[in-house]
Amino acid sequence: MANRGFMPAVLFGLSTVLIIALSFSLVISLFLSFTSFTERSVEWLITSVAFLAMFLGGAISGAKSHRRGWLAGAATAFVFSLLTFLVQYLGYDSSFTKEQYLYHGGYLLVAAFGGMIGVNLSRD
């Protein structure tokens, strides 16, 4: 695996995750603004889409890397978690909670699995 092929693959996967997350956040915020639903009532949907976004990001990074998809997917989730932590810590002066550590650990596993699937879907 060439090093120059690995990081662009991770960045493609990270871009996918961020585009899905930002798009879904916009849709959900509009939905919550114009209906009587609360954030608590759509919490399961938000969590499901977050895990789906991580799976797709891992699959895309695995497909782009052509090798070691689990590593490309895990790196995508790690960079996403690091970015999230930095925004939360530096921007809001708050550290991760135990629940957030569990979510991000799940993201790591799901993205690594997505990377394994993505490698097998890629064309050589």
Side-chain angles (χ1 to χ4, degrees):
M1 170 174 47
N3 284 339
R4 60 190 162 135
F6 185 74
M7 280 313 290
V10 171
L11 292 177
F12 267 104
L14 182 63
S15 298
T16 301
V17 171
L18 292 176
I19 287 170
I20 293 171
L22 292 174
S23 300
F24 187 71
S25 293
L26 176 66
V27 170
I28 284 294
S29 67
L30 290 173
F31 179 75
L32 292 175
S33 294
F34 294 116
T35 64
S36 61
F37 285 98
T38 63
E39 189 174 339
R40 193 133 182 93
S41 63
V42 293
E43 189 174 317
W44 62 271
L45 181 63
I46 294 169
T47 302
S48 300
V49 171
F51 278 98
L52 179 65
M54 292 307 296
F55 177 80
L56 291 174
I60 287 175
S61 65
K64 292 281 185 186
S65 71
H66 298 293
R67 287 186 172 186
R68 296 186 185 151
W70 66 272
L71 186 60
T76 300
F78 179 75
V79 171
F80 175 78
S81 295
L82 181 65
L83 184 66
T84 303
F85 178 77
L86 289 175
V87 167
Q88 184 171 333
Y89 185 73
L90 297 174
Y92 296 103
D93 197 26
S94 172
S95 184
F96 274 179
T97 63
K98 290 178 186 175
E99 183 181 14
Q100 285 175 305
Y101 279 118
L102 290 175
Y103 277 122
H104 287 273
Y107 293 160
L108 186 74
L109 293 175
V110 167
F113 181 70
M116 286 186 254
I117 301 294
V119 162
N120 292 312
L121 295 178
S122 68
R123 298 175 196 245
D124 289 330

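Computed over heavy atoms, backbone and side chain alike; hydrogens, waters and symmetry mates excluded.
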Indicate, with yes or no, if Tyr101 and Val110 share a hydrophobic cluster defined by side-chain heavy-atom contacts under 4.5 Å among Ile, Leu, Val, Met, Phe, Trp and Tyr.
no
Run Val49 and Ile28 through side chain to side chain contact (heavy atoms under 4.5 Å, CB included) and show every step you take.
CA-CA 11 Å; Val49 171; Ile28 284 294; over 6 Å; no
Minimum heavy-atom separation for Ala111 and Ala77, please, with both atom names.
CB-CB, 3.7 Å
For the side-chain contact (heavy atoms from CB on, under 4.5 Å) test, which of Leu86, Val87, Asp93 pairs with Leu90?
Leu86
Go through the steps to decide whether Arg67 and Val119 satisfy the test side chain to side chain contact (heavy atoms under 4.5 Å, CB included), and finish with yes or no.
CA-CA 6 Å; Arg67 287 186 172 186; Val119 162; 6.0 Å; no
For a 4.5 angstrom cut-off between non-hydrogen side-chain atoms, does Val10 reach Phe78?
no
Cluster link Leu82 to Leu22, ILVMFWY, side chain under 4.5 Å:
no
Are Met116 and Leu52 linked, directly or through intermediate hydrophobic residues, by side-chain heavy-atom contacts shorter than 4.5 Å (ILVMFWY only)?
yes
With rounding to the nearest 0.5 Å, note down the distance linking CD1 in Ile19 to CG in Leu56.
12.0 Å
With a 4.5 Å limit on heavy-atom distance, are the side chains of Val42 and Phe31 in contact?
yes
Atom pair CZ (Phe34) and OG (Ser29), whose distance is rounded to the nearest 0.5 Å
9.0 Å
Supply the atom-to-atom distance Thr84 OG1 to Tyr107 OH, rounded to the nearest 0.5 angstrom.
8.0 Å
For the atom pair CG (Leu71) and CZ (Phe6), what is the distance rounded to the nearest 0.5 Å?
4.0 Å
When clusters are formed by joining ILVMFWY residues with side-chain heavy atoms under 4.5 Å apart, either directly or through shared neighbours, do Phe55 and Ile20 land in the same one?
yes
Please state whether the rings of Phe96 and His104 are parallel, tilted or perpendicular, taking 30° and 60° as the class boundaries.
parallel
Is there a donor-acceptor pair under 3.5 Å between the side chain of Ser65 and the backbone N or O of Gly62?
yes
Answer yes or no: are there more than 12 heavy-atom neighbours, outside Phe12 itself, under 6.0 Å from its atom CZ?
no
Short question: side chain of Thr47, backbone of Trp44 - any donor-acceptor pair under 3.5 Å?
no
OG (Ser81) and CD (Gln100) are apart, to the nearest 0.5 Å, by 10.0 Å
Do Leu45 and Val27 sit in the same hydrophobic cluster, where Ile, Leu, Val, Met, Phe, Trp and Tyr count as joined when their side-chain heavy atoms come under 4.5 Å apart?
no
Where Met54 and Val17 come nearest, the two heavy atoms and their spacing:
SD-CG1, 3.6 Å
Reported CD1-to-CG distance for the pair Ile60 and Leu11, which is rounded to 0.5 angstrom
13.0 Å
I'd like to know whether Leu18 forms a side chain to side chain contact (heavy atoms under 4.5 Å, CB included) with Phe80, so could you lay out the CA-CA distance, the side-chain angles of the two residues, the decisive distance to 0.1 Å, and finally the verdict.
CA-CA 8 Å; Leu18 292 176; Phe80 175 78; 4.1 Å; yes
Please determine whether side chain to side chain contact (heavy atoms under 4.5 Å, CB included) holds for the pair Ser95 and Phe85, giving the CA-CA distance in whole Å, both sets of side-chain angles, and the decisive distance to 0.1 Å.
CA-CA 7 Å; Ser95 184; Phe85 178 77; 3.9 Å; yes
